[in-house]
Amino acid sequence: RSATSGCRGDGGDWNVTWYTAHPDLTQCFQHTVLVWFPCFYLWVCAPFYCLYLRFYDNGRISLSSLCCAKTVKIFVSTCLSCLMVFCPVLLVCFGFLKLPMTSILTEIHCLQILAVLLIHLERLRGFRSSVFLFLFWTLAVICSLVPLRANIQAIIDEVCAFPVYPTINPCPVEDASFLSKVLFWWYGRLAVKGYRSPLQAEDLWSLREEDTSEKIICDLEKEWAKQWAKMQESALNGAQALGYKLSEQTQLLRKLHKEQISGFCLLRTLAKNFGPYFLTGTLCLVIQDAFMFSIPQVLSLLLGFVRDEDAPLWKGYLFAFLMFLLSCLQSLFNHQYMYACFTVGMRVKTAVMGLVYRKSLVINSAARRTCTVGEIVNLVSADTQKLMDFVVYFNAVWVAPIEIALCLFFLWQRLGPSALAGIATVILIFPLNGFIAKMRSKLQVQMKYMDGRIKLMNEILSGIKILKFYAWENAFRERVLGYREKELNALKKSQILYSISIASFNSSTFLIAFAMFGVYVLIDEKHVLDAQKVFVSMALINILKAPLSQLPFAMSTTMQAVVSLKRLGKFLCQDELKLDSVERAPYHPDDNLAMVNFCRINVKVQRGSLVAVVGHVGSGKSSLLSAMLGEMEKKSGHITGSVAYVPQQAWIQNATLKDNILFGRERKDSWYQKVLEACALLPDLEILPARDATEIGEKGLNLSGGQKQRASLARAVYRKADVYLLDDPLSAVDAHVGQHIFEKVIGPNGVLKNKTRVLVTHGLSFLPQADLILVMEDGEITEMGSYAELLSRKNTFADFVKAFSVSERKESATNRDMGSASIQTMEAISDTEQEQDQEEVGRLTQADKAHTGRVKLEMYVEYFRTIGLAFIIPVIFLYAFQQAASLAYNYWLSLWADDPVVNGTQVGTDLKLGVFGALGFAQGIAIFGTTVAISLGGIIASRHLHLDLLNNVLHSPMSFFESTPSGNLLNRFSKEIDAIDCMIPDGLKMMLGYMFKLLEVCIIVLMATPFAGVIILPLTLLYAFIQSFYVATSCQLRRLESVSRSPIYTHFNETVQGAGVIRAFGEQSRFILLANSRVDHNQTSYFPRFVATRWLAVNLEFLGNLLVLAAAILSVMGRATLSPGIVGLAVSHSLQVTGILSWIVRAWTDVENNIVSVERVKEYAETTKEAPWAIEDSPLPSDWPKSGSIGFQEYGLQYRRGLDWALKEISLSVNEREKVGIVGRTGAGKSSLALGIFRILEAAKGKIFIDGINIAEIGLHELRSRITIIPQDPVLFSGSLRMNLDPFDGYTDEEVWRALELARLKNFVSGLPDKLNHECSEGGENLSLGQRQLVCLARALLRKTKILVLDEATAAVDLETDNLIQSTIRTQFEDCTVLTIAHRLNTIMDYTRVIVMDRGHITEMDSPTNLISQRGQFYQMCREAGLV
């Protein structure tokens, strides 16, 4: 504390001094009295003491060493004290610091200068022992002891307190010194830690505040909101200027224009937020350029010194050291610039991800249908990467032309008008590369194909269970490979064009030199090429090479960034849900609840009433709820109070069951237990391995449809909202559970009895208890009133009730089963593992784990093996030839420069020029050959690795998909495959090119100065040492970054699919915080990654500059024996070494970092695979199964070892054409039978025979393609309706139309503009749930196999549609064996047999009539349902 702040409150605080167990003097006392007292004594007594000395003269004492030491010590101490006073004074004067003057005045001990003067006065007067000064020093020491003791105590307290308050791992750059920041030494500790042992996530530094999502996005959102408002305003003004009635075409053009300018608006927003910091980096770049252009001038002076034998030696050493210094400064400023660029790039990535995520939460349903999950994931993976590259290379777009102009200016100074030839060469190269860049930007369709592939993969992963049931993997595999082939063809063309670009730019050094030197010697024979002209020109041309090579890449990156900005802008300017779509008025006890106007709908609902919404499939029931939620535009209306929503298809998070129900709220045990009991979830907890701590897979993979719906309902009930919107929550449960839920939750006596409930339902039995019934048809309410009123009117509703009340009374009381994977089908575990704690038992998904240590050699072998040895050997030879040609033409130049001048000319210039040209052109052709060869080799490897990954994933069993988050898999198919496509070949090109170039430089330096070998060897060892530190740490950071990237995509995926639920519950802010934390976690490993590269480069380039120094000094020392030509060659090449070595390690690390992608892609080759799809030479008849008989022989099934048996010793025979219904309570094992027949789960014991053939002995596709299932979750894929029915194109259009007619879909499809080619959106979202179920029925009718399994297939449809499906099945599958897992008992009452299951056993089996007469379990169910 400063003295002033201390003296305000504690000047006389006796609690600190006297009334305490640990007495101390106050801060005020220490800062004033203790400092002033010795000074006061000295100042007051000094005049009297001086007067005394004047009268005392005992002769002069000579100056001793002790006296000198005391004087120097006090003088130094005084100077430091003065600095401590004057520095703050200056800072205060200039306004940099607000420091209280009292704090400055307390530094008066600097007046010790007076004591020094008194010592010398005493010496001059012969005064040997001074009591006066002894008392002063004693007082000063005593007064200093108190603050010293206080400071020691403070340090001890801090050390003792350290374990109690552990701090997060702060980023060391915050406290680093200036030198440490400039040289990146602050990173060193992490490099050492990573070298000693593989880094873990907890070893990484926490993000600086300015790099966190919260800070970045908070600032950016405000700016983007302003830009968005301006865009909206300009669009509105334009519309008003033209009048409101715009044609559709004009509206479309306006929308396109808005999408075009939105990308520019996004760029402007990013520039405003991150521009200032980016400009500081740009300043470093300009300073670096100044040093870079100074080096050739110093080289010119050095070569002049070598040629001038009379020049003094010190000049040579001066030039050598100056070259070293300039090289070091250039390196430092360059890396400060790169650090600034990568920091800005990281912040841009965070910003864009945040904007996209927030947009995905507010985008309206119409816009959502145009943006699939895959496309949104691609926006945050591929497009953000393009923007990061743009930040790094953008400056090259304007700096490169300036650098080129400066190079040409200095060349003009050396070679005169001949430099124009170089300009002409550059002008010729530019249009060529501009043309190539333009053609490559057109080939950006590769991105479109990649989008399509990722989107399709996302759908495949979402609907993998359906693909396996239908044996459709091959059809979808071909679709993915179709996209992949188009993507690789576009990539191949792009890479060939890029190779032409690289060849022209890598040969540009030679082409410019050839043109300039050629013109220079040919226009005048008196023009002589000496060492100064040649090698200073070559140094300038080498500088010129950097901007020439960067420019096309910068232009290409800018083009790609423009495309990405447009894509991001287009998404960010999509229409949003209007905040006023539904006015959420505050809750008042006496308020009514006024509903929205929805296509001539106008309803007012009293608070606390139950409203039922009924109607046929597709009549607009769900749309009405969407309108109430504000998901659609409204004309008027408001909802009073908070809202909870249960969607028709339950949205379940990849979290524990408890977290899904609490949904961010605090757990209140009594209410929580009441909710579980009311929603009939208590019996399910008994079955789940860790009760409510069991982790639920993505999209509720390991729960049945009924369990998902009940968990979704429990989430809403726990919320204690005022208004409940329930979209058919009882469809996925049976009548028994449905009745329980209605009574305990929704009905007049349920836990929601005082809440307003809007219930969409197909269940007629609940309607009499509703306060108001809305009957819907074609998006309109045709009738409205209470149950009694509607019946008395005898209109549509009365007919509807009459027709279906009979079947409704016959509703079954069977419970939902555990679905396809009620208990996680994870890998086998030993019995002892059952004793793990709940968290371990309940865990399902496997988090993406980072490998540790260096990349195994097998990964490189695997990668190169896929390319092939026949391809690799010619590439190595091409590289060797390319560098040999380069060495030859450089050495040829040095010989030319040393050629003696005879009569003012050099002889044989034509021949020399011809040889120089031939060698250079040979090198250019070789460069093109090597780059094309590596690109094509990379594409070959990429094709194989993608194919292997796709095959491995598709051949994996269902348990793999339940335990592997789709984000992990999507990450492999997008980011990792992209790295294999582009990054590895680019890294290999760079690494091989620079390694051969290094070999060339070493040969040249050793030829000139063999003693340089003494320097090269230790430098090489130092390089290897630093490189080993870097690669170990960098690879692990790359892995940690990859691992932390997957959860971002998984979370994005989950959020986009559940956006409606998140909005309804008002949980957007919590999900945004979750997204922020995932992005920040990813950036904690990305930040040290790019700092590592800068740390490496600064250290390596310093060592490389030592080689420049060595070559220059050795050349100075040996100038008597060395020619200027060979000195110029050696020194100009040694100048390149720093860059070359840095690039080698960087390229090597890039390859090693990206080869991790091969490692991660090959990871899934090791996982468990399902049985073969087809068995060669299978004896299976082509018309199998002919009769459709099924036999179970002591069949047993386990979801995994250690868990209870799902099926226990089932022995059963189903005859041909028999219709068998399967019923039972939750977890009885009904669906397990279906999973067993399709071999989704393999038998743990026993066998299943179909037509006498053991199904375990035939291929999975041979089995699954010959039998059919209509699953409980109707899944459709994006593509045509016809593709969804017949992906293999195995049926004629007539057969497809016939199937649609039987499925009662013909009229609907005929009315669509594209008929069978009608494009289904992702997940079939542009069809209602009932229509999707009918499409699944049409699939079954088209396949028409001898065995049909219905897994509660009519759960989501109304009674009328259910009746249609049942009657179709009875007529069309009359000669087939039908197994129905029954949901509505009336559907199986006319079956030949009913099987009643309980806990994996068959408890009853007979005809329905006989079972009822036996008065057993089946009779009890029928009785509960009112059937008997």
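If you read the sequence from its start, that first residue is 1, and numbering goes on from there.
Between Ala471 and Ser1265, the shortest heavy-atom distance links the atoms CB-N, 4.0 Å.
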Q: Let me see the working for Tyr863 and Leu988 under side-chain contact (heavy atoms from CB on, under 4.5 Å), right down to the final yes or no.
A: CA-CA 12 Å; Tyr863 182 77; Leu988 285 171; 3.8 Å; yes

Q: Test salt bridge (Lys or Arg N to Asp or Glu O under 4.0 Å) on Lys455 and Glu459 and set out the steps.
A: CA-CA 6 Å; Lys455 174 182 157 188; Glu459 289 192 65; 5.2 Å; no

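Between atom SG of residue Cys982 and atom CD1 of residue Ile977 there is a gap of 11.0 Å, rounded to the nearest 0.5 Å. Leu949 contributes atom CG, which lies 7.5 Å from atom CE of Met457 (distance to the nearest 0.5 angstrom). Atom NZ in Lys1162 sits 4.5 Å away from atom CG in Asp948 (nearest 0.5 Å).
Ionic pairing of Asp986 and Lys989 is present here: one or more N-O contacts between side-chain nitrogen and carboxylate oxygen are shorter than 4.0 angstrom. In summary, Glu1170 and Arg1239 do not engage in a salt bridge, as defined by a charged side-chain N under 4.0 Å from a carboxylate O.
Every residue meeting the side-chain contact (heavy atoms from CB on, under 4.5 Å) condition with Asp203, not counting sequence neighbours, appears here in chain and number order: Lys193, Leu199, Gln200. Qualifying side-chain contact (heavy atoms from CB on, under 4.5 Å) partners for Met388, counting only residues two or more places apart in sequence or in other chains: Lys349, Gln385, Tyr1086. Partners of Arg1094 according to the side-chain contact (heavy atoms from CB on, under 4.5 Å) rule, which considers only residues two or more places apart in sequence or in another chain, are Phe184, His335, Met338, Tyr339, Phe342, Arg1146. Residues passing the side-chain contact (heavy atoms from CB on, under 4.5 Å) test with Asn1284 are Leu1276, Phe1277, Cys1320, Arg1339, sequence neighbours excluded. The ring-ring contact (aromatic ring centres under 6.0 Å, His included) test applied to Tyr1030 returns no partner, not counting sequence neighbours.
Note on residues 865-874: pairs passing salt bridge (charged side-chain N to carboxylate O under 4.0 Å, His left out), not counting sequence neighbours, are Glu862-Arg865.
For Lys492 and Ser935, the side-chain atoms include no donor-acceptor pair closer than 3.5 Å.
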